[in-house]
**Student:** 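Before I ask anything, let me first share the structure, which is written out below as structure tokens.
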Amino acid sequence: MSKRVSKAKAIMIVGAQWGDEGKGKIIDYLAPTVDYVVRFQGGNNAGHTVVVDGVVHKLHLLPSGVLYPKKRIIMGNGMVIDPEVLLAELDNFETKGQKLNLLISERAHVIFPFHILMDGMIDEYKGTLGAGTTRRGIGPAYADKAERSGIRVVDLLNKAIFKEKFDQLFELKKNTLQKLYRQRITLNKTAIFNAYVRYGQRLKPYVGDVSLEVNQALKTGKRILFEGAQGTLLDNDHGAYPHTTSSNTIAGAVCTGVGIGPTKIDEIIGVVKAYLSRVGSGPVPTEAKGALGDYLRERGQEYGTTTGRPRRCGWVDLVQLRYAARINGLTSMAITKIDILGGLKKIPVAVKYKYKSSYITELPADLEVTRHCKPVYRELPGWKNLTDDDFATILKHGYKALPSKMKDYMKFIADQVDTPISLVSVGAERKSTIQVP
Ligand code: IMP
């Protein structure tokens, strides 16, 4: 079932579930072996947590490679960027006066305060059809992009063009908010414009042509890690629509989100949490309600990195994972947080769904089916809670020192998904990631 992460030049990390699978940690683990870490979609709806020597780093916009100051980190055109949030993150990392080795795509779209306002209103209006968004303005910014009224990073650098576009967009949003949503608008047009001109000037040294640089890097044999945000089930085409995010989160999105051809990617690692968590609304077939769900949440500290919301927890869903392997073309999986399951006597894993009188093995598109299907579980034997000594042995001897039932659990998942496992994470720390031989 194993497959070591190879020496491939272009490796992509994607979430195979609902986001929060631990991608940041896997990226941080692999980052020393690459020259570039590149994000290609989403914005500050993402929250990546990386723990280094007991210090917790929470990232929302900057690629996870930022914790290695010499790495080139890149934000692709497929992202939506709130410049105020980005500048705060930059200030956080540039305390010692050293500039980050960062490139921001001139073509990435910009989030404005009216996007944030609209995000909450639209999601609330939708009620049970809402996604329970992070309220960061992600959806409305992508909507403007699709409608071709969006403002890009490059526009902030050209005051005349910015003014032309901003005047139109602001009036459109003001009217929509006032007339459609009946909101009294207190947004100050001039203040926002001036602030964004300033943001643009501060970001200017980092702005450039991402596609050009990434393609040149690949041509000259550099190693690149592409960092996905959110997860497969949140993909706006292939996920649990309409309870999705507004971008494509799957591996294919890297082509449009950076500007590289599909032939350039060598390896695609799907990050899979050893159980399941979901933050936001909509049906989650394998959600464990009640005491077991609470147990997983507390043990796994499943609270949103971005919003602090409690995550809904449950069990691995093989219908979703098989789908994720197919949609992303996974070459291997990285299993995270498997230590959290220690001490459970039995671990349920959903192998298929039952809907009315039939069984379903492929992810349904019909919301009616998703709402009412029931998971069919197979119960696998658990293993004991690992002690500090056990962890020390595991970190010293690697994969072979893992409890045999834990290895059986992973083998079952790998066999069912027909995809090998390359990495296993048994703790929050950077060093607690082990390669599968
Ligand atoms: P949005 O991306 O803020 O529009 O939120 C849409 C849906 O995606 C909501 O259900 C969010 O909770 C979820 N979501 C967005 N980003 C993340 C993430 O990074 N991790 C987990 N869930 C996310």
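Just so we're clear, the structure is a prediction, and the values are computed from it rather than from any experiment. Atoms within a ligand are numbered from 1 in the order they appear, just like the ligands themselves.
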**Student:** Would you tell me whether Asn328 and Thr232 have side-chain atoms, one donor and one acceptor, within less than 3.5 Å of each other?
**Tutor:** yes
**Student:** Using a 4.0 Å cut-off to any heavy atom of Thr133, which atoms of ligand 1 qualify?
**Tutor:** 1 (P), 3 (O), 4 (O), 5 (O), 9 (C)
**Student:** Any N or O on Asp119 sitting closer than 3.5 Å to an N or O of ligand 1?
**Tutor:** no
**Student:** Is there a donor-acceptor contact under 3.5 Å linking the side chains of Ser64 and Glu227?
**Tutor:** yes
**Student:** Glu302 and side chain to side chain donor-acceptor pair (under 3.5 Å): which partner among Arg309, Arg297, Lys337?
**Tutor:** Lys337
**Student:** What heavy-atom pair brings Val351 and Arg378 nearest, and what distance separates the two atoms?
**Tutor:** CG1-CB, 3.9 Å
**Student:** Starting from atom 20 (N) of ligand 1, locate the nearest protein heavy atom and write down its residue, its atom name and how far away it is, to 0.1 Å.
**Tutor:** Asp20 OD1, 3.1 Å
**Student:** Looking at ligand 1, is there an atom of it that comes within less than 4.0 Å of some heavy atom belonging to Ala46?
**Tutor:** yes
**Student:** Just by distance, no angles: are the side chains of Arg184 and Gln178 close enough, under 3.5 Å, to form a donor-acceptor pair?
**Tutor:** no
**Student:** Would you say Arg311 contacts ligand 1, with heavy atoms under 4.0 Å as the rule?
**Tutor:** no
**Student:** With the threshold set at under 4.0 angstrom, would you say Gln230 reaches ligand 1 through any of its heavy atoms?
**Tutor:** yes
**Student:** Judged by modelled atom types alone, do Arg72 and Asn101 share a side-chain donor-acceptor pair under 3.5 Å?
**Tutor:** yes
**Student:** Of the backbone atoms (N, CA, C, O) and the side-chain heavy atoms from C-beta on, which set of His243 has a member under 4.0 Å from an atom of ligand 1: side chain, backbone, both, or neither?
**Tutor:** neither
**Student:** Going by distance only, is there an N or O of Arg135 that falls short of 3.5 Å from an N or O of ligand 1?
**Tutor:** no
**Student:** We want to know whether Tyr142 and Gln41 form a side-chain donor-acceptor pair, criterion being a heavy-atom distance below 3.5 angstrom.
**Tutor:** no
**Student:** Looking only at protein heavy atoms, identify the closest one to atom 3 (O) of ligand 1 and say how far it is in Å.
**Tutor:** Thr134 OG1, 2.5 Å
**Student:** Among protein heavy atoms, which sits nearest to atom 6 (C) of ligand 1, and what does the distance come to when rounded to 0.1 Å?
**Tutor:** Thr244 O, 3.3 Å
**Student:** I want to check something: taking the side chain as every heavy atom from C-beta on, are Val37 and Tyr68 in contact at a cut-off of under 4.5 Å?
**Tutor:** no
**Student:** Going by heavy-atom distance to atom 1 (P) of ligand 1, choose the closest among Thr245, Val279, Leu234.
**Tutor:** Thr245
**Student:** Out of all atoms in ligand 1, which are within 4.0 Å of some heavy atom of Trp18? Include the element for each.
**Tutor:** 21 (C), 22 (N)
**Student:** Considering only protein heavy atoms, which is closest to atom 10 (O) of ligand 1, and at what distance to one decimal place?
**Tutor:** Ala131 O, 2.5 Å
**Student:** Is it true that Thr307 lies under 4.0 Å from ligand 1, counting heavy atoms only?
**Tutor:** no
**Student:** Using a strict cut-off of less than 4.0 Å between a Lys/Arg side-chain nitrogen and an Asp/Glu carboxylate oxygen, indicate whether Lys165 and Asp155 qualify as a salt bridge.
**Tutor:** yes
**Student:** Mind checking whether Arg309 contacts ligand 1 via backbone (N, CA, C, O), side chain (CB onward), both or neither, at a 4.0 Å heavy-atom cut-off?
**Tutor:** side chain
**Student:** So, Glu362 and Tyr353: side-chain donor and acceptor under 3.5 Å apart, yes or no?
**Tutor:** no
**Student:** So if I count the atoms of ligand 1 from 1 in the order they appear, which ones are less than 4.0 Å from some heavy atom of Gly132?
**Tutor:** 9 (C), 10 (O), 11 (C), 12 (O)
